[in-house]
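Keep in mind that the numbers below use all heavy atoms, side chains included, and drop hydrogens, waters and symmetry copies. Only a predicted model underlies this, so the values are computations on that prediction, with no experimental measurement involved.
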Amino acid sequence: MQTINGWLFDIYPNETGLTLWLIGEDGQRHRFFQDFSATVYAAGPSARLRALWRSLREQPVPVRLSRAERTDVFQGKTVTLAVEVQQPARLDELFRTMTAAFPDLTWYDGDISLALRHAAAFGVFPLARCVVELRGEKIASLTPLDTPWDLEPVPAPLRVLSLEPDCDPAHWEPRALIVSYERVRYSLPLEKTIPLLIGLAADLRRYDPDVILTSWGDTWLLPRLMQLCNESGMRLPLNRDESQALVERKEHTYFSYGQIVYRGRQVQLRGRWHLDRHNAMLWNDYGLAGVLEMARVTRQPVQDAARLSPGTGISSMQFVTALQKDILIPWHKNQAETPKTVLELMRSDMGGMVYQPTIGLHRDVGGIDFISMYPGIMVKFNISPEVKRAGPPQSLQPAPGDPGIIPLTLAPLLKKRLALKQALLTLPRWDCRRPVYQALASAHKWLLVTCFGYLGYKNARFGRIEAHEAVTAYGREALLRAKEAAEDLDFEILHMYVDGLWVHKEGCKTPADFQTLLADVTERTGLPISLDGVYHWVVFLPSRLDERVPVANRYFGVFQDGSIKVRGIEARRRDTAPFIAETQMSIMEILARAGDAEHLKDVYPRALSFADSEMKALRAGRVPLEKLLVSQKLSRELGEYSSPSPAARAVRQLEAAGKLVRPGQRVRFLFTLGKPGVQAWDVAQQPDPRCVDVKRYQALLTRAVETVLDPIRQSINAGKKEESWDLFPVFPRVSLAPAPPGGD
DNA sequence: TACAGTCGGGG
DNA sequence: GTGTACGACTGTA
């Protein structure tokens, strides 16, 4: 028997069992095989289960049958027929046949991927460090040496080869491919097919990368290479396992978090990973470290983790918990989505606690947040679909008994996130672990957020609306207790929003001045809370439609470390032209240089004149057209628009030029003079700079400047009382006159 | 003024 | 392999 240590790299089914790839500590890439069986469960009347038993005896896929008692989270202990399928590759086919023949039975675990089953069975995950015992090429035992929850796992020595065209193939025709790895970098002309394929094949064999990192590899490059191979009859060893075909995932569009999301097609490799940075979910935010972390904690294979959708990641984690705890995973609930009743609509108003902020500028403000409030509540108070609630939320008492499936799943993730946050607080600014920790923490963030949403989702396997409501009820209670704590310590509450509050007290200017409050809130709620920071000053903005009305989520401010926090205003919106957003940010940076609020009056003139110079640049045509592009996400098919929004008109131009834009994709356009008022960007001909509707951009800029400068000016003037001759100047207003009727 | 369409925030 | 929230705001007619 031979033993090898290494990092688990890839797993997929072959004809008889599983193929596993291991990056050995010896530097070799090993391919092994493993026997593996997958079990599905059926429950129902015993006569029907006996009939199923008989029918399974008479079909060709080898199965082992037994009677098993398992837990259904909604029904409790349940007697089932366990069907152990010994050829994992044939599971899907057999499951389809069984459910078609016995649709009246209740099915469990049928649609759980082999990767998750394997992860649950052995406690492994992508890039887990393992000890493997071998008999020949067969795995006799597989033991993990680390867990997904380690903060500093021994990193796998991945070989990464990057491959990208010399321009964006959606808009231009690339002429060359740029190949780079380690210190090698060169380009291959695309028109010379044979040398291109020979060169690439040679590098793939010589360097034998673990990861092929591409730009537009899913949508353009790999399909193109496959096509070139077909035409020329040459082979390109993209897969490390050359016995396997490339795996293609189709493009699709889906709804998530109230908006439509578009995922382009994906090309996956076997024995190697292909990652397309332009098609990976939130690659920009997290990078490779984030994708790997996602794979570790969700146990999804890395290439899937790269484009994981909301819900799938957290569901995967729940499924692994369920498999390990012998909890049955219902086969997808076939409940049709029923329209919300009036009662439910009213209930939805009772989500998070919102308190109207006090409009205007405030100095020396503590921003305090519960850390991952909703997940923290689920863990602390044991909220899970199968757990009976004890008292009312006002008691802030955990439900009794063993932790349910949701807390079990979330607890280690939450603990790791808190540990990362803690480490980030203490690590010095220059520490190279900082960006990595940041990426990991961000990757966890949305898994945790989504878990809460999933509790309230009817089609989630472990969802239950009562549990969802319990979470928000605890949340409101916790925030109220925080408010009481602050008031008992004589803090003034300026604003509260779901899981955060903004407080002020004369003389409290440093983080230390808020420690008593933090400790008190933790004491009263049992939930971790942290100081987001102490603002030198923060502005809560009024509604645009009625300046007497505050809005909860439009504010900006400057922390004592000089960093700026912005919510809801133009600079935060992805449909704001970069020129407008950057100008607004720059103005806030000028204001931030004031340090404390007393010195805002010193920097205000500078901010005003900066805004003015940007306005002049705009009028003089010195702003590059790219900076004026507005980008909006298409929410539906072009034909489904009932009103010709600017985005819809831009899409019409694109489609006229033969460019299809799918719902969920973004469309970029300029505001232009005359009809139709917009000019789509991603078409062949560049717009004439003279067509730009400068007036409209002036109005947009004016608005963005006023958003940040008006409250500052008002606050300075308020300090000056009646000296009206000394009023600070207003930014000259440019507004759009209503378009003349007819026009054209 | 009404309406249709897009966005943020949660983090 | 997907959560169809809510409220603010903008653009169009």
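Of the candidate nucleotides dG1(C), dG10(B), dG5(B), dG10(B) has the atom nearest to the side chain of Val449(A). The side chain of Arg554(A) approaches dA8(C) more closely than any other nucleotide in the set dA8(C), dT6(B), dA4(B). Distance from the side chain of Pro646(A) is smallest for dG11(C) among the nucleotides dG8(B), dG11(C), dG9(B). Distances were taken from every side-chain heavy atom of Arg573(A) (C-beta onward) to each of dG11(C), dG5(B), dG8(B); the shortest belongs to dG8(B). Candidate nucleotides dG11(C), dG1(C), dG5(B) were compared by shortest atom distance to the side chain of His252(A), and dG1(C) ranks first. Considering only side-chain atoms of Gln632(A), the nucleotide from dC7(B), dG11(C), dT10(C) that sits closest is dC7(B).
A heavy atom closer than 4.0 Å to some atom of DNA chain C occurs in no member of residues 414-425 of chain A.
At the heavy-atom level, Tyr374(A) lies nowhere under 4.0 Å from the strands shown. Ser543(A) comes within 4.0 angstrom of the backbone, heavy atoms only, and of no base. Residue Leu541(A) is out of contact with every strand shown, counting any heavy-atom pair closer than 4.0 Å. Residue Val551(A) is in sugar-phosphate contact alone, with no base atom involved, counting any heavy-atom pair closer than 4.0 Å across all strands shown.
A donor atom on one side chain and an acceptor atom on the other are not found under 3.5 Å apart for Thr298(A) and Gln300(A). No side-chain N or O of Gln266(A) forms a donor-acceptor pair with one of His274(A) less than 3.5 Å apart. If you check the side chains of Arg265(A) and Thr219(A), you find no donor sitting under 3.5 Å from an acceptor.
Between dT6(B) and Ser635(A), a contact under 4.0 Å exists linking OP1 or OP2 to a side-chain N or O. Taking side-chain N and O atoms only, Arg544(A) has no distance below 4.0 Å to OP1 or OP2 of dG11(C). Within the structure, every side-chain polar atom (N or O) of Tyr555(A) is placed at least 4.0 Å from both OP1 and OP2 of dG9(B). Taking side-chain N and O atoms only, Ser642(A) has a distance below 4.0 Å to OP1 or OP2 of dG5(B). An OP1 or OP2 oxygen of dG9(B) is reached within less than 4.0 angstrom by a side-chain nitrogen or oxygen of Arg572(A). Proximity of Arg636(A) to the phosphate of dA4(B): no side-chain N or O atom is located under 4.0 Å from OP1 or OP2. Side-chain N/O atoms of Arg696(A) include one lying less than 4.0 angstrom from OP1 or OP2 on dG11(C). Regarding contacts with the backbone of dT6(B), every side-chain N or O of Arg574(A) stays at 4.0 angstrom or more from both OP1 and OP2.
Between Trp502(A) atom CH2 and dG9(B) atom P there is a gap of 11 Å when expressed in whole angstrom units. One can place NZ of Lys565(A) at 11 Å from C1' of dG9(B), the figure rounded to the nearest angstrom. When the P atom of dG11(C) is taken as reference, atom OH of Tyr697(A) falls 11 Å away, rounded to whole Å. dG1(C) atom C1' lies 13 Å from atom CG of Leu116(A), rounded to whole Å.
Note: Tyr497(A) and His495(A) have tilted aromatic rings, judged against thresholds of 30 and 60 degrees for the angle between ring planes.
Rounded to the nearest Å, the gap between the P atom of dT4(C) and that of dG9(B) is 22 Å.
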